[in-house]
Amino acid sequence: MYEFEYHHPGSVENAAKLLSTLPEAKLLAGGHTLLPTMKQRLAAPKHIVDMRSIRELHGIHVKDGHLVIGAMTTHSHVAESALVNSHLPSLAALAAGIGDPHVRRRGTIGGSVANNDPAADYPSAVLALNATIVTNQREIKADAFFTGMFETALKEGEIITHFVFPTGIKGAYAKFPNPASRYAMVGVFVARHGADVRVAVTGAGANGVFRANALEAALKGDFSPKALDGKGVSADDLNTDMHADAAYRAHLITVMAKRAVTAAQ
Amino acid sequence: MSATGIGASVKRKEDFRFITGRGNYTDDVNRYGQTHAYFLRSPHAHATIDGIDYAEALKMPGVVAIFTGKDLADDKIGGLICGWSITSKDGSPMKAGAHPALAQGKVRYVGDHVAVIIADTYAQARTAAEHVNVKYGVLPANADTASAMKSAPLHDVASDNRVYDWHLGDKGATEAAFAKAKHITKLDIVNNRLVPNPMEPRAAVGEYEQGTETFCLHTTSQNPHVARLVLSAFIGIAPEHKLRVIAPDVGGGFGSKIFIYAEETVCVWASKKVGRPVKWTSDRTEAFLSDAHGRDHVTHAELAMDANNKIIGLRVHTTANLGAYLSTFSSAVPTYLYAPLLSGQYNIPAIYAEVDGVYTNTAPVDAYRGAGRPEATFVIERLVEVAARELGVDPAVFRQGNYVTQFPHQTPVIFCYDGGDYNASMLKALEMADYKGISARKAASAAKGKLRGIGFSSYIEACGIAPSAAVGSLGAGVGLWESAEVRVNPVGTVEVLTGSHSHGQGHETTFAQLVSGRLGIPIENVSIVHGDTDKVQMGMGTYGSRSGAVGMSAISKALDKIEAKAKKVAGYVLEAAEGDIEFKDGKFTVKGTDKSVDFGSVALQAYVAHKFSGQDLEPGLKEGAFYDPTNFTFPAGVHICEVEIDPDTGVTKIERWTAVDDFGVIINPMIVEGQVHGGIAQGIGQALLEGAIYDKDGQLLTASFMDYAMPRADDLPSYNVGMTETRCPSNPLGIKGCGEAGCIAAPPAVINAITDALGHENIAMPATPQAVWRAAQQTMKKLAAE
């Protein structure tokens, strides 16, 4: 790790100010991607702006029938929250399956979504549950947020403050972990929004999280695992690595989607 | 049996300090004025070094010195050695390429050592390393075992990259057996390359004291005396009496800390050059790149049977990847630690094995838990399982029909099995595994759309290495005896100085149990001293499941001498003839009387020497012994693995694991069971998860835990562990050894179970979900067609 200067502003406004005035500054949320990268000297920010002290970014509440989750809320907080468990149990279940207990006590929903790691779990929930990402500048719909691997609609200096999730949605997340890293090799989040169904796939896509239109169409008519027989995602835009090639990932997407549908019944 | 003697499950004395963070590991050692070393490593798998410019780096903040291979050569520091000489078929010695601690003119694998940067802090050294300019001339590289002999040569001494072509057994007799065979089973096998990954990475702190002109090296070693011997006699750091090597608490080794590596060598050498202590602690990436790896064989094997399903011949050809350089004992692993084990538990009249050891542009390969024996066991146990299937015989019955039943049994490949009861283990394992119920369980799995299979492994290993004259005749550069010194203090407490080294095995407990039981003193009154060449007499260290069979035998021998001397002292104290003194439960008694004296009082009398003349009997109570084993020991057993495969995902779940092992006399059943558990976990890791993968340019793709899959608790089943016991006839305590059994037995049991479930043999290790899913597609297609 190279030397850097550490800042811990108490407000989003101050964090934004630091981010815009300091050269080569990086936001630190949970740090699970940033810190290992810095230790390996692959990233060398001159300034670290730690968001931990910004109280308004922590916590969970319900507003106008929506679940509002602060960007700095940890995975374990989401997993154990009574509000999330009663209003959106599928999201609590996903959070409970991220990494291990150490990761869940440090990692944050804002950090995970802003980083948009193609193997992260949260992006699939945000996309399938059709959440709104609220920043210090605007509101962004999930469909417009994830723009590619490690790429999002966030602009320079833009800071996610919280997420707004619709509630009362039947859904479930089924993950097939990478045997080594335990990140999602394929993760499928299925969510039933009244007559509409949204299926988001993480871990598999060459461009990060994506919606599986063919699966959504099949499930709209019949929200049952059987409806997915013979349906699938083309292997063309899927990742190949030493753990899973594109054909295996394509196969697993259907299998995991079926398991998610079963769990969501 | 006393509460703390042999056979008692005494809780480990060392664990309190380990689990409360009070262990003292090499990285915990910090010295006044110490510097930190960073090793600049080759990013290329094969390249000439056409220039190293470090003028700029030398001016960076905190930098104390930068050294390259030239500095080592200028100081006449020798290269790293391979201490076991293997002879090829034509009688020529193995082709050992030079192995300098810092590269001289050429690098041969990614992670090879180019230069060392020494600075006040680690960060400064690492930053300065980024300013060292190395001009490389990239050469074609090869990491693949099978194609090594057709690839660009690594060393001038071996133009075809072949270190040796070695053989063992009777070729003619084996060919004759195959000629008259009724059935021949053939298999092609890849034994996957593994990264050892002990929890504690390697580390070193080198120091030089100018006043006494002595070096001291703290390092993560399984055998500090051997490290001192090599550093002194071969590498030329300093004479042995001017070099102290200390291996304090060591957090796991699995073989990888037997060897004498570049980094430790450079740290101790450089400490004199810079006049300050030099410290290095490997990070995890460096451990992946530069710790000696394990396994990596490509094998074709054939088994011949007669009309009665008796095995009559075995022939094996193996290409063994030894990496870019010959590590300390690497040459012996795929030869003498491998081929002699190919007979397994079976009576095979004719065996012929050929092994090509090859250089590739990969990290050196050397002994890793089991070392050759897992590879051999995988070959023979896969062969017998497949042979049974091909012959339509139950695999347990096929094994039982071929077991060695008479002892001693001379195999055609060196070993003389001294004792055992293989069928006893098989019968017990079949019972524990509910083998009778397997058909019903397979049907139940099939009803759920799952594939269930069961697999056996009837393994044997050769431990307690080894009779020194025997290994000497096979090319070993050292003897493999062990030493002990038992020091009784005047108050009757005891220190045992052992040449063995504990890095997780629990010697502080088990060795103390031996002493406590033997002398009838509380276990708290015994301490075990190891790992410091200034304290402990020359010893050979710990590997190959030898510390019980060899190390404790040395202690036992020293205890014999202690008892004999103490009886003499007791005779004076009790005013009786030495021959009339009996020793039992910590008390010396005059035969047939109630006159007695306890051990502590005798110890005190030995030191005050008031009751006898120093001319008749030397004062004191301290005895040493060297024990040279008379034979290898042969632990053996049967492991049965039962798996259920989900053909939708390819996930293999181990549903049941039965292990029945014969380790001879067991000192501490709890510790032995723990060793079995850990060994099986490593074996399952090899079978299902682990595999070091280099790409075609020689870059290690699995250089972190993100890509190299270690077994985790939820990958593993609960183990059903049982024991049978036949005393080892070849050492005084009857011990066979248990440290490696699990990882030797496990891989073929897993693969035999998976192939049983699949109904075909097309799966290699590691049987990852992706591989099993592909293989299961074949099975499901076949089932659908039926």
Side-chain angles (χ1 to χ4, degrees), chain A residues 1-4 32-33 36-42 44 97 99-103 117-120 174-188 203-204 225 228-229 232 235 238-260 262, chain B residues 38 61-62 121-130 192 195 197 283-286 288 449 646-652 684-685 687-695 699-715 766-777 780:
Chain A
M1 197 180 275
Y2 296 101
E3 285 185 12
F4 59 87
H32 280 104
T33 303
T37 326
M38 287 169 65
K39 283 183 184 172
Q40 290 171 53
R41 299 192 161 202
L42 298 172
D100 56 36
H102 301 80
V103 168
D117 186 306
K175 166 160 71 171
F176 192 95
N178 176 309
S181 70
R182 297 285 175 101
Y183 272 91
M185 201 157 81
V186 167
V188 181
L228 297 176
D229 281 348
L238 301 184
N239 274 332
T240 286
D241 57 34
M242 73 181 109
H243 303 287
D245 63 18
Y248 180 46
R249 278 195 162 94
H251 170 81
L252 283 178
I253 288 171
T254 305
V255 174
M256 291 297 118
K258 285 183 179 183
R259 290 182 184 181
T262 303
Chain B
Y38 177 81
T121 70
Y122 172 78
Q124 287 169 336
R126 192 167 169 180
T127 300
E130 291 164 7
N192 44 328
V195 180
N197 282 319
D283 69 19
R284 191 51 71 178
T285 306
E286 291 181 288
F288 272 100
D646 179 351
D648 270 350
T649 57
V651 169
T652 300
I684 291 174
L688 294 182
L689 296 155
E690 298 183 50
I693 300 172
Y694 285 90
D695 72 8
Q699 294 290 336
L700 182 62
L701 299 179
T702 50
S704 81
F705 292 130
M706 291 293 282
D707 287 310
Y708 187 91
M710 293 291 281
R712 292 166 163 89
D714 64 353
D715 292 314
T768 61
Q770 169 166 249
V772 174
W773 172 70
R774 286 240 145 72
Q777 300 311 299
M780 300 311 279

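Values below: every heavy atom of this structure, side chains too, minus hydrogens, waters and symmetry copies. Chain letters run A, B, ... following the sequence lines, proteins first, then strands; residues in each count from 1. Here the structure is a predicted model, which is why all the values come from computation and not from measurement.
- Both the backbone and the side chain of A:Tyr248 come within less than 4.5 Å of a heavy atom in chain B.
- Only the side chain of B:Arg774 comes within contact range of chain A, with heavy atoms under 4.5 Å apart.
- Annotation: salt bridge (charged side-chain N to carboxylate O under 4.0 Å, His left out) contacts of A:Arg41 (sequence neighbours excluded): B:Glu130.
- For B:Asp695, no part sits under 4.5 Å from any heavy atom of chain A, backbone or side chain.
- Taking every heavy atom of both residues into account, B:Val195 and B:Tyr708 meet most closely at N-OH, 2.9 Å.
- Using a 4.5 Å cut-off between heavy atoms, A:Met185 makes no contact with chain B at all.
- When the salt bridge (charged side-chain N to carboxylate O under 4.0 Å, His left out) test is applied to A:Asp241, the partners found at least two apart in sequence or on another chain are A:Arg249.
- Closest of all the heavy-atom pairs between B:Ala703 and B:Phe288 is O-CD1, 3.3 Å.
- Interface check for chain B: of the options A:Val186, A:Asn178, A:Asp245, A:Leu252, the most heavy-atom pairs under 4.5 Å are formed by A:Asp245.
- Ranked by non-hydrogen atom pairs under 4.5 Å with chain A, the options B:Thr768, B:Thr285, B:Leu689, B:Asp714 are led by B:Asp714.
- Ranked by heavy-atom pairs under 4.5 Å with chain A, the first of B:Pro769, B:Ala771, B:Gly691, B:Ala123 is B:Pro769.
- Ion pairing between A:Arg182 and B:Asp707 fails under the 4.0 Å rule for side-chain N and carboxylate O.
- Of all heavy-atom pairs between B:Pro711 and B:Gly685, the closest is CG-CA, 3.9 Å.
- Only the backbone of A:Lys39 comes within contact range of chain B, with heavy atoms under 4.5 Å apart.
- If you take CD1 on B:Ile693 and NE2 on A:His243, they are separated by 7.5 Å, rounding to the nearest 0.5 Å.
- Contacts of A:Gln40 with chain B are made by backbone atoms alone, with heavy-atom separations under 4.5 Å and no side-chain atom involved.
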